[in-house]
Each structure stands twice: as C-alpha cells, then as structure tokens.
Amino acid sequence: MTLRSVIEGTGSALPRRRVDNAELATMVDTSDEWIVERTGIRTRYIAGEGETTASLAVEAARNALDAAGVAPAEVDLIILATATPDQTFPASATIVQAALGINDCVAFDVAAVCSGFLYALTVADNMLRGGGAKTALVIGAETMSRILDWEDRTTCVLFGDGAGAVVLRAQETDDHDGRGILASKLHADGRHNGLLNVDGGPSTTGTVGKVRMKGQDVFRHAVVNLAQVMREVLELASIDAADVNWVVPHQANARILDATARKLGLDPARVVVTVDRHANTSAASVPLALDTAVRDGRIEQGDLVVLEAMGGGFTWGASVLRF
Ligand code: COA
C-alpha cells in the first residue's frame, strides 16, 4: 500500500453575469468572429457587486465538500491559488476559512497565476503525504475582470472569473491501481516576466495594475512547455500517453489545447474543453474544467487524468492522478 492524496470531491462556482462576444464588441473594436476563430471563446462570466475571489472560492469549496461528504471541521489545510486576492493581505484562504466556520487549520494563498492550481495541488499533496495534514481544500479562484484593461482588446476578450475546488484526502491506496495523485512536476522561468504580467503592485507602483501580455510569444512557449511537462509527468508515473482517459488542461485558448494534444498524440476527444464557455479563468480554470467533466459524468472513479497549466512567470506544471 502507498499513502496518496485522493480527490474525494470537486466543486465550482461562477459569477451570475454571463457576457458574450457580441457584448464585448460594443465595448472594444472586436468581433464574435475574431474571438471564436483565434481563441474558441464564446462567453465568459464576470463578477458583479458583492462577488469576489473569496466569495466564489467559498461557494466552490462548499460544493466540493458536499460532493465529498466531508464536514468543514475535518479540513486541516486550505490552499487557495489566486492572482486576484480580495486584499493584499491577509491571504484569501483565511477569508474562506472563516466563512466555512473552520476555527483552526493551516491556510495560505499560492501565487503562480494560471498554474496556481497545479502549484497548490502539488504543495497540498506533499503536505498530506508528509503527514502535515490529512484533509485539504485546494482551491483556484479568480476575478481577473478586476485587473483587465477594458480598453485593450488584445487581453480583455480572453479572461473570465470563477472558482474551482477539490477536497484532497491522505489515504493508503493500492500500489498499482490505487486512486490518488501519482506524480506531479512543476517549473518556473522568471526570465519571461515581460511577456505576461500586471503593471503594478503594492511594492512598486502602489496600485493594483492591469494585465499586459505579448500573446504570440506566450502562445509559442505554452505549446512547447505544456507538451514537455506532460511527457515528464507521464514518465515519472510510468504511464503511456495512450492509457490516459482524460486531459484537463488550463483553458487559455482552444488552439493551444489542440496543438498540445497533437504534439503528444492524444485523442482530442479526451481533452476537456470549457474555454468556449468560461474563457481563461487563470488559477480557477483547471478545477473548474475538472468539476464540469466530473459532474457531467465524463470523468469517473478510476480514470487516469492528467492536469496541466502554464501561466505568468512563466510557471508551468502537470499532475497525473487516478481519479
Ligand atoms: N479583436 C480583433 N482583433 C484583434 C483582437 C481582438 N480582440 N486582438 C488582437 N487583434 C488584432 C491584432 O491587433 C492584430 O492586428 P494587426 O495584424 O493589424 O496588427 C491581429 O488581430 C492579429 O493579432 P495576433 O496577436 O497576431 O493574434 P493571434 O492569432 O496571435 O491571437 C491571442 C492572439 C492572444 C489570442 C493568442 O496569441 C493567444 O492566445 N496567446 C496565448 C495567450 C495565453 O495563453 N495567455 C494566457 C497564458 S496563461
């Protein structure tokens, strides 16, 4: 038997307001045709009054706890991945903790932008297997709309808001076909800050800043890095790409998803795609897509699932797990 971190439940949350491409075309010089052709995005959800990163995270966490049949009091670790916290400090994870009525546990945020959920999941997995915790809530939540430049058509059409969460539990599982996270691999290369960043911060401008991106450069790096890290993680777990049941990628652009799947020789029908409905929700995108495919019955217990993401930094990573 091997001690592994098993996903016991998933949950997600979206803001009330859905915005389609036609509505964006009334705000900036763009069109439904351009956005669909270049990105695959048709709609996104945008947070309104009273909806924040933490409030979306709480809703996603409650849904994941319900699905897992786990009471909040059993949670001893909360890791929240976000680039858009409610406050500069304290960590939004502590806002989630208080809202769930958990009086004492470890709670902190992870900042790795679009790879944030993979980073948070890997940290939680290491803490669970190391004995530092038994039951973790791992959440990705964002309100990217609040840091977009709504006059910049090259970025504002690409992002959306939302949250996704998983309940992760340390369990002794069968060495060969047991459930749980089998392998993870993370990377960062800080030389690429200038290709994707926010032009502000507490210690520099004293302002929150707006998202800036050189899209074509990011695209090129994304396809290469994601294919590489997926290969690495499959090799670490001694799994053949042909045996993977589902890939749940970061949802940035439908063309990146296609190109990455092709590079690995994966059947595109096995790639979970939600970018058309949710756009790029940064750290929320992988758990949001995972929850979507679990709830619509595609991902079933025992399936081999690969999660992957790449984001600002650059940071990138992948995990392979038996669901
Ligand atoms: N509507 C209409 N036209 C637009 C537009 C929009 N929303 N945004 C850009 N354009 C224009 C550009 O100004 C450019 O016009 P020009 O040729 O007159 O200069 C033209 O469309 C092509 O722009 P380009 O940047 O070459 O398009 P692209 O095919 O590379 O697509 C992205 C742009 C951003 C969709 C694409 O590069 C991408 O998805 N990159 C990766 C983004 C990503 O994954 N980011 C997150 C990582 S976590």
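Computed from a predicted structure; not experimentally measured.
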Main-chain N/O of [Y] paired to [X] side chain as donor or acceptor, under 3.5 Å:
{"X": "Asn63", "Y": "Ser12", "value": "yes"}
{"X": "Asn193", "Y": "Gly313", "value": "no"}
{"X": "Asp291", "Y": "Gly164", "value": "no"}
{"X": "Asp125", "Y": "Leu121", "value": "no"}
{"X": "Thr53", "Y": "Thr84", "value": "yes"}
{"X": "Asp76", "Y": "Cys105", "value": "no"}
{"X": "Thr274", "Y": "Arg277", "value": "no"}
{"X": "Asp174", "Y": "Asp177", "value": "yes"}
{"X": "Arg270", "Y": "Val247", "value": "no"}
{"X": "Thr82", "Y": "Ala141", "value": "yes"}

Can you name the closest pair of heavy atoms from [X] and [Y] and give their distance?
{"X": "Val96", "Y": "Ile139", "value": "CG1-CD1, 4.0 Å"}
{"X": "Ser282", "Y": "Glu142", "value": "OG-OE2, 2.8 Å"}
{"X": "Met127", "Y": "Val106", "value": "CE-CG1, 4.4 Å"}
{"X": "Ala279", "Y": "Gly160", "value": "CB-N, 4.1 Å"}
{"X": "Cys114", "Y": "Ala309", "value": "O-CB, 3.5 Å"}
{"X": "Asp109", "Y": "Ser92", "value": "OD2-N, 2.8 Å"}

Any Lys/Arg nitrogen of [X] or [Y] sitting under 4.0 Å from an Asp/Glu carboxylate oxygen of the other?
{"X": "Asp217", "Y": "Arg220", "answer": "yes"}
{"X": "Arg153", "Y": "Asp29", "answer": "yes"}
{"X": "Glu51", "Y": "Arg17", "answer": "no"}

If you round to the nearest 0.5 Å, how far is [atom2] of [Y] from [atom1] of [X]?
{"X": "Asn280", "Y": "Met213", "atom1": "CG", "atom2": "CE", "value": "8.0 Å"}
{"X": "Leu266", "Y": "Thr260", "atom1": "CG", "atom2": "OG1", "value": "9.5 Å"}
{"X": "Ser115", "Y": "Leu226", "atom1": "OG", "atom2": "CG", "value": "8.0 Å"}
{"X": "Leu128", "Y": "Leu3", "atom1": "CG", "atom2": "CG", "value": "8.0 Å"}
{"X": "Thr94", "Y": "Ile102", "atom1": "OG1", "atom2": "CD1", "value": "11.5 Å"}
{"X": "Ile147", "Y": "Phe159", "atom1": "CD1", "atom2": "CZ", "value": "8.0 Å"}

Side chains of [X] and [Y], heavy atoms from C-beta outward: is any pair under 4.5 Å?
{"X": "Leu77", "Y": "Leu137", "value": "no"}
{"X": "Arg322", "Y": "Thr173", "value": "no"}
{"X": "His250", "Y": "Met310", "value": "no"}
{"X": "Thr315", "Y": "Leu186", "value": "no"}
{"X": "His192", "Y": "Val218", "value": "no"}
{"X": "Asp152", "Y": "Val211", "value": "no"}
{"X": "Phe108", "Y": "Val123", "value": "yes"}
{"X": "Thr10", "Y": "Phe323", "value": "yes"}

State plainly whether one hydrophobic cluster holds both [X] and [Y], where clusters connect Ile, Leu, Val, Met, Phe, Trp and Tyr through side-chain heavy atoms under 4.5 angstrom apart.
{"X": "Ile256", "Y": "Leu196", "value": "yes"}
{"X": "Val166", "Y": "Val272", "value": "yes"}
{"X": "Ile7", "Y": "Phe117", "value": "yes"}
{"X": "Ile46", "Y": "Val208", "value": "yes"}
{"X": "Leu80", "Y": "Ile95", "value": "no"}

Sole candidate of Asp303, Ile299, Val306 that passes side-chain contact (heavy atoms from CB on, under 4.5 Å) when paired with Asn245: Asp303
With respect to Met230, which candidate in Lys263, Glu308, Glu235 satisfies the side-chain contact (heavy atoms from CB on, under 4.5 Å) definition? Glu308
Taking [atom1] in [X] as the centre, count heavy atoms belonging to other residues, nucleotides or ligands within less than 6.0 Å. Is the count above 12?
{"X": "Arg18", "atom1": "CZ", "answer": "no"}
{"X": "Gln87", "atom1": "CD", "answer": "yes"}
{"X": "Glu151", "atom1": "CD", "answer": "no"}

Does the side chain to side chain contact (heavy atoms under 4.5 Å, CB included) test come out yes or no for Gln251 and His278, once each step is laid out? CA-CA 8 Å; Gln251 310 283 322; His278 302 152; over 6 Å; no
Parallel, tilted or perpendicular: ring planes of His187 versus Trp316, cut at 30 and 60 degrees: parallel
Under the side-chain hydrogen bond (donor to acceptor under 3.5 Å, both in side chains) criterion, do Asp161 and Ser145 qualify, and how do the steps go? CA-CA 7 Å; Asp161 301 334; Ser145 64; 2.6 Å; yes
Name the one of [options] that satisfies side chain to side chain donor-acceptor pair (under 3.5 Å) with [X]?
{"X": "Gln171", "options": "Glu8, Arg179, Lys134", "result": "Glu8"}
{"X": "Arg44", "options": "Asn21, Asp20, Thr281", "result": "Asn21"}
{"X": "Arg212", "options": "Asn197, Thr154, Asp149, Thr155", "result": "Asp149"}

Between Asn253 and Thr39, is there a side-chain donor-acceptor contact under 3.5 Å, judged purely by atom types and distance? no
Decide yes or no on side chain to side chain contact (heavy atoms under 4.5 Å, CB included) for Arg129 and Asn126, but give the supporting numbers first. CA-CA 5 Å; Arg129 285 185 296 110; Asn126 278 283; 3.5 Å; yes
Mind running side chain to side chain contact (heavy atoms under 4.5 Å, CB included) on Asp199 and Thr205 for me, showing each step along the way? CA-CA 8 Å; Asp199 60 3; Thr205 58; over 6 Å; no
Take Ile41 and Asp276 through the test side chain to side chain contact (heavy atoms under 4.5 Å, CB included) and record every step on the way to the result. CA-CA 4 Å; Ile41 298 166; Asp276 52 333; over 6 Å; no
